[in-house]
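The next block holds one structure in the form of structure tokens; read it before the comments.
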Amino acid sequence: MLKKENILLVDDDIQILELLQRHLTSMHYHTYSAVSVKEALYILKDTAIDLLITDINMPDINGIQLIKYMAEHYPDIPKLVVTGFPSIDDAMSVIKSGATEYITKPFTKSELADAVQKSLECTQHRKSKEKVFPKAQQGYGEMIGTSEAFKEVVEIIERVKDNHATILVQGESGTGKELVARSIHYSGKFARAPFIAVNCGAIPENLLEAELFGYTKGAFTGAFETRNGFFQAANNGTIFLDEIGNASLAVQGKLLRVLQEKEVTKVGSQKSEKLNVRVIAATNSSLTELIEKKLFREDLYYRLTVVSISVPPLRERISDIPMLVSKFLQKYGVEYKDRLVGIAPDALEILERYPWPGNIRELENVIQRAVIMSDGQVTVKHLPEQVKFQIDFPEQALKPLKQVEKEYIEKVLVATGNNKTKAAEILQIDRKTLREKLK
Ligand SMILES: Nc1ncnc2c1ncn2[C@@H]1O[C@H](COP(=O)(O)OP(=O)(O)OP(=O)(O)O)[C@@H](O)[C@H]1O
Ligand SMILES: [Mg+2]
């Protein structure tokens with residue numbers, strides 16, 4: 001029963017951080033910890049924070065500066081100050097800077113609980129949360145990416161999310177096919193209806209039909225009662241048929257009927273039921289090859305590909321790697337180390353060079369492992385051997401100069417937060433040339 005509130009803790013004193021964290025976790029809040037203002041800003045950038053708790057005296061940038069910054073950039077987040085100096089002057093400057101509440105060290109757990117409660121109550125910031133935290137244009141919902149290949153995928157998602165057209169999502173393993181399907185559902189107007197994911201490869205062939213369409217009592221041994229299938233459960237929403245290439249020819253025939261007639265028939269029943277379900281299917285094997293081998297029905301293939309989305313492999317969207325890495329560093333840093341974990345530039349370069357046969361899932365696993373092994377900074381030694389020693393470049397990995405230039409420009413833009421003036425400066429070209437190149 002985790003409370004929904006995310007609390008960001010900022011203190012250079014690890015012991016206070018741990019104390020705060022222990023107390024707040026026991027009160028069922030979710031906490032993020034930062035040992036400096038800089039780390040705090042990173043977390044704020046892409047996490048929806050409901051309350052800030054900060055110390056005042058910290059090296060480099062102090063808490064007052066943080067509060068002033070937040071008052072300007074995140075005015076709706078309440079700010080609770082924990083200070084060791086309960087002088088009147090101090091209290092005044094704290095309140096003037098825009099803090100919502102303050103407590104003095106040492107504090108008891110109930111003092112903390114009261115202050116947190118009051119801070120959270122005194123703003124009704126939650127209603128505007130979405131507006132205050134646009135995802136910094138780093139992608140689309142949960143999907144990270146700004147590369148051309150990624151944008152093409154997003155364009156199709158935008159076009160199909162609000163209608164019930166059948167969609168086939170194709171792509172290598174780990175490219176994000178399921179995430180694409182979820183994004184279509186959850187960003188569209190049927191988002192409130194169910195999204196049901198079915199892995200056609202994981203359900204034994206003789207059960208798949210009953211699981212998908214339901215069955216009537218007595219339809220087969222063990223069918224003690226009439227039951228709905230995944231299709232009925234997904235009514236008005238989306239059914240995601242993962243690994244569709246694994247469906248038997250018999251199930252394929254039934255699916256074809258569902259798509260043509262918009263109705264399903266339970267196993268053992270004569271009656272059909274009308275349904276209104278969007279079907280999104282996914283596969284990482286080539287369906288056209290299966291068709292040639294007579295393992296997949298051609299007519300079903302055409303029904304499924306009303307809209308077809310190819311999710312690009314990671315090696316074709318290298319410019320997205322730094323962003324993905326930083327997302328996973330943050331995710332696992334917070335999970336395992338309770339802080340932000342960075343990465344050394346040469347380690348990042350290695351990650352950008354590796355061809356990622358297992359795509360984003362492989363990248364995520366590599367970062368997860370590296371974070372566990374690291375001490376706050378991922379370096380080359382935390383990367384697995386197969387990633388490090390990818391020295392031979394297969395010929396198709398060698399690229400034309402134009403493409404390298406394009407990718408590099410994208411990288412600089414990402415690094416400068418899309419600041420074209422700064423990017424032009426780094427690239428030592430004028431803004432006009434940069435603009436032309438961007439076209
Ligand atoms: N654009 C993205 N941004 C952030 N994370 C992503 C993105 N695409 C995929 N992921 C993450 O990568 C992992 C793999 O994604 P997903 O399961 O959707 O891939 P898949 O193509 O269905 O893989 P498989 O073929 O192995 O089933 C997930 O943890 C997902 O959250
Ligand atoms: Mg999948």
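Note that ligands are numbered from 1 as they come in the structure, with each ligand's atoms numbered from 1 the same way.
- Near Asn284, the atoms of ligand 1 lying under 4.0 angstrom from a non-hydrogen atom of the residue are 25 (O).
- For atom 22 (O) of ligand 1, the closest non-hydrogen atom on the protein side is Glu178 N, 3.2 Å.
- Under the 4.5 Å side-chain criterion, counting only non-hydrogen atoms from C-beta, Lys388 is in contact with Val380.
- Classification of the Tyr332-Tyr336 ring pair by plane angle, with boundaries at 30° and 60°, yields parallel.
- With salt bridges taken as basic N to acidic carboxylate O contacts below 4.0 Å, one links Glu178 and Arg182.
- The distance from ligand 1 to the heavy atoms of Glu142 drops below 4.0 Å at these ligand atoms: 3 (N), 4 (C).
- If you check which protein heavy atom lies closest to atom 26 (O) of ligand 1, you get Arg361 NH1, 2.5 Å.
- Near Arg317, meaning under 4.0 Å from any of its heavy atoms, are these atoms of ligand 1: 1 (N).
- Nearest non-hydrogen protein atom to atom 11 (C) of ligand 1 is Ile360 CG2, 3.7 Å.
- Evaluated by nearest non-hydrogen atom to atom 1 (N) of ligand 1, the leading choice among Ile144, Asp320, Val180, Asn199 is Ile144.
- Scanning the protein heavy atoms around atom 28 (C) of ligand 1, the nearest turns out to be Glu364 OE1, 4.0 Å.
- At a heavy-atom cutoff of 4.0 Å, ligand 1 is contacted by the side chain of Leu324 but not by its backbone.
- Ring geometry for Phe195 versus Phe240: interplanar angle under 30°, hence parallel rather than tilted (30 to 60°).
- For Phe190 and His164, the gap between ring centers is short of 6.0 Å.
- The pair Lys327-Glu364 does not count as a salt bridge, with every side-chain nitrogen at least 4.0 angstrom from each carboxylate oxygen.
- Each of the following atoms of ligand 1 lies closer than 4.0 Å to a heavy atom of Met143: 1 (N), 2 (C), 3 (N).
- Considering Leu179, Asn359, Leu363, Asp242 only, the shortest heavy-atom separation from atom 31 (O) of ligand 1 involves Leu179.
- Taking a cutoff of 4.0 Å between a charged side-chain nitrogen and a carboxylate oxygen, Arg257 and Glu263 qualify as a salt bridge.
- No hydrogens or angles considered: a donor-acceptor pair under 3.5 Å links the side chains of Glu362 and Tyr354.
- Using a 4.0 Å cut-off between heavy atoms, Lys331 makes no contact with ligand 1 at all.
- Ligand 1 is never approached by Arg182 to a heavy-atom distance shorter than 4.0 Å.
- Under a 4.0 Å heavy-atom criterion, Gly174 is in contact with ligand 1.
- Which of Ala181, Gly139, Gly176 comes nearest to atom 19 (O) of ligand 1 through a heavy atom is settled by distance: it is Gly176.
- Salt bridge status for Asp299 with Arg297: present, with a side-chain N to carboxylate O gap under 4.0 Å.
- Annotation: atom 20 (P) of ligand 1 to nearest protein heavy atom, Lys177 N, 3.4 Å.
- Note: Tyr215 and Phe220 meet the aromatic proximity criterion, with ring centroids under 6.0 Å apart.
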